[in-house]
Amino acid sequence: QVQLVESGGGSVQAGDSLRLSCAASGRTFSSSGMAWFRQVPGKEREFVASISGGGDSVRYADSVKGRFAISRDSAKNTMYLQMNSLKFDDTAVYYCSAGFTYVYTSRSSNYWGQGTQVTVSA
């Protein structure tokens with residue numbers, strides 16, 4: 001059974017940093033693109049960042065460019081999101097997702113974690 005488990009969320013002050021982790025089990029995703037999304041109650045889930053299977057290609061939403069960094073450790077089957085200079089608007093539930101192609105592509109069959117809450121106080 002494939003599982004994605006996020007961790008590292010919490011409550012911080014604006015300007016602080018957090019590092020999220022997404023540990024995968026049940027399948028190796030070393031060749032698959034992975035991504036982070038976030039969702040605020042009442043709003044649609046939005047893309048945050050993605051990383052290719054080999055880690056050689058990354059993409060970021062404009063709202064997090066220069067502040068967030070996505071990375072992965074294929075040996076640990078784990079993806080990370082380093083979040084710096086956090087803002088109140090970064091408050092959301094953060095989800096990780098794993099796809100089936102080298103570059104992450106949104107598909108209904110992609111795997112999703114259960115989410116981790118990030119709360120930033122102004």
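In this chain, residues are counted from 1 in sequence order.
- For the pair Thr105/Phe100, no side-chain contact is recorded, criterion being any heavy-atom separation below 4.5 Å from C-beta on.
- Between Met83 and Val118, some side-chain heavy-atom pair lies under the 4.5 Å cut-off.
- Looking only at side-chain heavy atoms (C-beta outward), Cys96 and Met79 come within less than 4.5 Å of each other.
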Determine, step by step, whether Val93 and Arg38 satisfy the side chain to side chain contact (heavy atoms under 4.5 Å, CB included) criterion, reporting the C-alpha distance in whole Å, the side-chain angles of both residues, the deciding distance to 0.1 Å, and the verdict.
CA-CA 5 Å; Val93 177; Arg38 65 187 182 187; over 6 Å; no

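- Contact record, Ala122 with Ala14: CA-CB, 4.3 Å, taken as the closest heavy-atom pair.
- By the side-chain contact (heavy atoms from CB on, under 4.5 Å) test, Ser106 is found to be paired with Phe37, Tyr104, residues two or more places apart in sequence or in another chain being considered.
- The hydrophobic cluster containing Tyr95 does not contain Phe29, counting ILVMFWY residues as joined when their side-chain heavy atoms lie under 4.5 angstrom apart, directly or transitively.
- Separation of atoms NZ (Lys76) and OG (Ser21) is listed at 9.0 Å; rounding is to 0.5 Å.
- Residue pairs meeting the salt bridge (charged side-chain N to carboxylate O under 4.0 Å, His left out) criterion with at least one member in residues 9-33: none, sequence neighbours excluded.
- In this structure, Arg72 is not positioned above the aromatic face of Tyr80 in the sense of NZ or CZ being under 6.0 Å from the six-membered ring centre and within 45° of the axis.
- Glu6 places no side-chain N or O within 3.5 Å of a backbone atom of Cys22 that could act as its donor or acceptor partner.
- In this structure, the separation between CG on Leu4 and OH on Tyr111 is 9.0 Å, given to the nearest 0.5 Å.
- A pairwise comparison of heavy atoms in Leu81 and Ala49 identifies CD1-CB, 4.4 Å as the closest pair.
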Verify side chain to side chain contact (heavy atoms under 4.5 Å, CB included) between Thr91 and Val40, making sure each step is shown before the conclusion.
CA-CA 7 Å; Thr91 297; Val40 175; over 6 Å; no

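- Phe68 CZ to Tyr60 OH: the interatomic distance, rounded to the nearest 0.5 Å, is 10.5 Å.
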Could you go through the side chain to side chain contact (heavy atoms under 4.5 Å, CB included) check for Ser17 and Gln82 one step at a time?
CA-CA 7 Å; Ser17 299; Gln82 178 66 43; 3.9 Å; yes

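- Taking CG of Asp56 as the reference point, atom CD1 of Ile51 lies at 8.5 Å (rounded to 0.5 Å).
- Between Lys65 and Asp62 there is a salt bridge, since at least one side-chain N of the basic residue sits less than 4.0 Å from a carboxylate O of the acidic one.
- Although no hydrogens or angles enter the test, the distance criterion places a donor-acceptor pair under 3.5 Å between the side chain of Thr101 and the main chain of Val103.
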Derivation and outcome, side chain to side chain contact (heavy atoms under 4.5 Å, CB included), residues Thr119 and Val12
CA-CA 6 Å; Thr119 303; Val12 296; over 6 Å; no

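- Atom CZ of Phe88 sits in a sparse spot, with 12 or fewer heavy atoms from other residues, nucleotides or ligands closer than 6.0 Å.
- Taking CD1 of Ile70 as the start and OG of Ser50 as the end, the distance is 6.0 Å to the nearest 0.5 Å.
- Rounding to the nearest 0.5 Å gives a distance of 10.5 Å between OG1 of Thr116 and OH of Tyr94.
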